[in-house]
Amino acid sequence: MADKKKSYDNTTEEMIKKAHCDGVQTVWDRLEAQQPQCGFGQLGLCCRNCNMGPCRIDPFGEGTSKGVCGATASTIVSRNLVRMIAAGAAAHGDHGREVALVFKAMAEGALEGYEIKDETKLKVIAYKLGIDIESENTEIAKEVARTALWDFGKQDEKIITFADAYAPKSLKNIWSSIKVAPRNIDREITESMHRTNMGVDADYLSLSLQGIRTSLGDGWGGSLIATEFSDVMFGTPKPVKTFANLGVLEEDKVNIITHGHVPILSEKIVEAAEDKEMIELAKSKGALGIIVAGMCCTGNEISMRHGIPTTGNFLQQELAITTGVVDAMVVDYQCIMPSLVDVADCYHTKVITTSEKARIPGAQHIEFQPQKADEIAREIVKNAIENYPARTKDKIKIPSEKMDGIVGFSLEAIVEALGGSLNPLIDVIKEGKIKGIAGIVGCNNPKVEQDRGNVEVAKELVANDILVVGTGCWSIAAMKAGLFKLEGAELAGAGLKAVCDKLGIPPCLHMGSCVDNTRILVTIAAIAEALGVKTSDLPVAGAAPEWMSEKAVAIGTYFVASGVFTVLGTVPPILGSSEVVELLTEGVEAVTGGKFVVESNPKKMAALIIEHIENKRIQLLGKRG
Ligand code: SF4
Ligand code: MSK
């Protein structure tokens with residue numbers, strides 16, 4: 001493993017070398033130290049859900065075939081899978097709830113730092129939810145917030161209001177037929193934890209269906225609320241030029257990285273860093289100004305709304321600090337490695353945690369409270385400025401690489417680029433200029449070369465006239481590789497290139513952060529409804545080439561449950577049960593029309609997607625290209 005190339009991105013390779021010269025341990029070193037990783041865990045065959053265990057099942061059928069309580073391989077694998085989905089959905093749901101609570105307080109006039117920035121979007125949401133849009137904006141917002149919070153707390157058996165309002169009828173019918181329509185975002189997570197408790201649900205099929213229901217409460221509930229409410233409060237993204245990679249940091253400026261997921265604080269930090277008083281303070285410390293740059297999905301949130309540059313994706317978080325010029329790494333929650341404080345120990349960087357839900361021993365904690373949003377954001381920026389003089393000159397090295405690109409293709413922005421409706425896109429798909437649409441999402445994972453899968457799958461697809469849309473750390477990989485540039489269209493097939501040139505768009509469209517996968521769901525739903533077909537009839541597919549997070553398991557599951565053929569690049573821990581594997585890779589297709597496939601080779605992954613899209617074209621349009 002030591003000699004294996006770690007990244008497709010030269011900047012990452014360069015900074016891993018620097019980290020080692022500086023005596024810094026990285027995620028790749030720790031992965032190596034973990035080898036060999038537990039085979040039972042990789043197959044999903046270990047259970048520690050009660051203290052009669054931990055139990056494990058012999059995958060070769062020679063040793064133990066049941067846990068102490070009698071749980072079989074399929075029971076254990078499906079329970080573990082459902083717990084992964086529940087954890088992922090909980091992360092998204094809790095993010096959505098936090099945004100909804102701020103939104104509610106804003107509507108009630110209890111917060112000064114937040115406002116309704118996109119009135120049109122507020123009215124569109126309200127209209128979809130069946131709320132009167134003739135009243136005052138604040139009244140509409142209150143009712144919208146009440147409806148969202150109701151979806152977290154209602155106790156009836158009906159589908160959650162947001163899923164009911166946003167999902168196509170055909171999907172809702174499928175979900176009711178197999179009883180997986182989500183009833184309450186939190187309830188499905190709680191029920192998943194209950195069912196997977198010792199001595200409750202032992203049937204892999206019924207457990208898996210609960211996993212699907214929980215994931216749908218995420219995709220069409222928690223995540224959707226996070227996306228929609230963030231758009232109203234911070235603006236619906238529009239195409240904007242920005243840059244990505246560690247080269248966006250500047251030696252003679254104060255550098256603040258915001259890392260994590262929720263835009264509530266990062267938006268305020270962007271504002272505070274633009275404040276004249278702060279800039280003057282930075283100058284008084286010898287800096288020329290202040291740079292705020294993003295990392296992971298907080299990076300996506302602020303880049304797509306303000307053109308704020310992004311330092312990198314998941315596997316670059318430690319490396320950003322090794323540049324020696326990060327004065328503060330401000331984190332909220334999710335995908336934040338606790339190792340950041342160890343790396344920061346070798347430099348001058350302050351790691352600042354801001355959520356009471358995500359504390360890291362050794363980090364400075366400045367707790368964010370929306371009531372004091374501006375004050376706290378200024379305090380954080382001040383902390384970074386005051387840390388600027390503490391840099392160690394001979395530890396500074398900023399890679400020169402940064403790539404420009406256009407980000408911020410919300411569904412609204414795509415519709416605008418198309419002249420007001422999705423019809424021109426549907427027409428070029430029918431004509432075969434664009435063969436179909438692939439959504440690529442998800443993380444980096446040090447088990448595979450960083451960015452290779454994310455970038456190569458996208459390149460292969462656009463070369464075959466498939467429009468790529470995507471989110472999360474994939475999008476940062478795509479931007480670093482130049483796929484968000486207009487010139488990226490040179491890599492596209494003739495049909496897609498002509499469309500990109502005509503509309504002035506790149507061949508890969510950035511749709512946002514992890515919660516913004518809902519933008520992809522809503523786009524697919526809108527196309528299906530315009531054509532009067534099911535989502536699973538469309539020439540569309542999904543891929544997560546380098547996923548690692550439990551959130552990605554929830555995302556993949558709600559895509560499959562929404563009729564999307566989804567290819568995973570890293571193997572999920574389910575191979576210990578042939579029944580669970582068969583269900584997710586074959587059985588589920590007969591019901592939802594979507595299914596999972598696992599393929600780690602990027603070229604083969606792209607080939608599977610192309611084949612699927614071609615087959616769907618034949619079924620839908622009676623023709624291939
Ligand atoms: Fe073992 Fe059953 Fe307890 Fe799991 S729930 S640890 S399989 S006894
Ligand atoms: S940040 S969930 S590593 S995409 Fe959303 Fe990136 Fe995956 Fe975290």
Side-chain angles (χ1 to χ4, degrees), residues 27 40 44-58 64-80 83-84 87-89 91-92 95 193 195-202 207 218 223 226-227 244 258-263 266 294-301 303-304 310-317 331-337 358 439-446 448 450-451 453-454 470-479 510-518 543-556 568-570 576:
V27 60
F40 294 104
L45 282 175
C46 56
C47 179
R48 50 178 184 75
N49 292 7
C50 86
N51 207 25
M52 291 191 286
C55 303
R56 73 248 182 280
I57 305 295
D58 182 346
T64 44
S65 64
K66 287 189 175 165
V68 175
C69 66
T72 62
S74 291
T75 306
I76 292 175
V77 167
S78 54
R79 276 182 188 164
N80 289 336
R83 284 198 167 198
M84 287 185 91
H92 284 153
H95 169 167
M193 295 308 288
R195 285 184 187 228
T196 54
N197 205 292
M198 190 270 145
V200 188
D201 200 346
L207 280 160
D218 171 1
S223 284
T227 298
T258 63
H259 173 22
H261 280 79
V262 70
S266 50
M295 168 72 65
C296 286
C297 281
T298 293
N300 281 313
E301 295 276 357
S303 77
M304 68 184 171
T310 304
T311 40
N313 47 7
F314 177 69
L315 285 179
Q316 286 174 290
Q317 57 185 287
V331 303
D332 48 69
Y333 45 60
Q334 300 167 20
C335 304
I336 295 146
M337 292 189 202
I440 316 185
V441 305
C443 324
N444 291 144
N445 186 327
V448 296
Q450 183 205 15
D451 292 352
N454 282 334
T471 62
C473 286
W474 167 79
S475 52
I476 300 165
M479 180 147 71
H510 172 259
M511 292 194 88
S513 63
C514 297
V515 291
D516 293 334
N517 285 311
T518 58
E546 302 176 28
W547 76 274
M548 64 85 199
S549 168
E550 289 169 317
K551 292 179 288 171
V553 184
I555 294 166
L568 303 176
T570 60

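Counting starts at 1 for both ligands and their atoms, in listed order. Side chains included, hydrogens not; waters and symmetry mates left out as well; all remaining heavy atoms used. Quantities reported herein were computed from a predicted structural model and do not represent experimental measurements.
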Exercise. Which is closest to atom 5 (S) of ligand 1 by heavy-atom distance: M198, R48, R56?
Worked result: M198
For this session: Could you check if a side-chain atom of S303 sits within less than 4.5 angstrom of a side-chain atom of H510, using non-hydrogen atoms only?
Result: yes
Exercise. Does K66 reach ligand 1, in the sense of a heavy atom lying below 4.0 Å from it?
Worked result: no
For this session: Could you tell me which atoms of ligand 2, counted from 1 in the order shown, lie closer than 4.0 angstrom to a heavy atom of C335?
Result: 1 (S), 2 (S), 3 (S), 8 (Fe)
For this session: Return the residue, atom name and 0.1 Å-rounded distance of the protein heavy atom closest to atom 3 (Fe) of ligand 1.
Result: C50 SG, 2.3 Å
Exercise. For atom 1 (Fe) of ligand 1, does an N/O/S atom of C47 lie at less than 2.8 Å?
Worked result: no
Seminar exercise, completed: A student checking ligand 2 against C443 at a 4.0 Å heavy-atom cut-off should list atoms 2 (S), 3 (S), 4 (S), 7 (Fe)
Exercise. Just which atoms of ligand 2 are under 4.0 Å from any heavy atom in M548?
Worked result: 3 (S)
Exercise. Looking at atom 2 (Fe) of ligand 1, what's its closest protein heavy atom, distance included?
Worked result: C69 SG, 2.3 Å
Problem set entry | Distance filter under 4.0 Å to R79 heavy atoms, resulting ligand 1 atoms | 5 (S)
For this session: Give the atoms of ligand 1, by number and element, whose distance to some non-hydrogen atom of G53 is under 4.0 Å.
Result: 6 (S)
Problem set entry | R56 atom CZ, neighbour heavy-atom count above 12 within 6.0 Å | no
For this session: Give the C-alpha distance, both sets of side-chain angles, the deciding distance and a yes or no for side chain to side chain contact (heavy atoms under 4.5 Å, CB included) between C335 and M548.
Result: CA-CA 10 Å; C335 304; M548 64 85 199; 4.0 Å; yes
For this session: Kindly identify the option in C514, G472, G442, A91 whose heavy atom sits closest to atom 5 (Fe) of ligand 2.
Result: C514
For this session: Please test I476 against M479 for side chain to side chain contact (heavy atoms under 4.5 Å, CB included), starting from the C-alpha separation and ending with a verdict.
Result: CA-CA 5 Å; I476 300 165; M479 180 147 71; 5.8 Å; no
For this session: Verify side chain to side chain donor-acceptor pair (under 3.5 Å) between H261 and K551, making sure each step is shown before the conclusion.
Result: CA-CA 12 Å; H261 280 79; K551 292 179 288 171; 3.0 Å; yes
For this session: Verify side chain to side chain contact (heavy atoms under 4.5 Å, CB included) between Q317 and V27, making sure each step is shown before the conclusion.
Result: CA-CA 10 Å; Q317 57 185 287; V27 60; over 6 Å; no
Problem set entry | Side chains of Q450 and N313 in contact at under 4.5 Å (non-hydrogen atoms) | yes
Problem set entry | Numbering as shown, the atoms of ligand 2 that approach F314 to under 4.0 Å (heavy-atom distance) | 3 (S)
Exercise. With distance as the sole test, does T196 use its side chain to make a donor-acceptor pair with the main-chain N or O of R79 at under 3.5 Å?
Worked result: no
For this session: Output the list of atoms in ligand 2 that are nearer than 4.0 Å to some heavy atom of H261, sorted by atom number.
Result: 1 (S), 5 (Fe), 8 (Fe)
Exercise. Closest non-hydrogen protein atom to atom 1 (Fe) of ligand 1, residue and atom name please, with distance?
Worked result: C55 SG, 2.2 Å
For this session: Tell me which one of G470, C473, C297 gets a heavy atom nearest to atom 4 (S) of ligand 2.
Result: C473
Exercise. What are the two closest heavy atoms between G472 and N300, and how far apart are they?
Worked result: O-ND2, 3.1 Å
Exercise. By number and element, which atoms of ligand 1 are closer than 4.0 Å to a non-hydrogen atom of N49?
Worked result: 6 (S)
Exercise. Can N445 and E546 be said to form a side chain to side chain donor-acceptor pair (under 3.5 Å), step by step?
Worked result: CA-CA 5 Å; N445 186 327; E546 302 176 28; over 6 Å; no
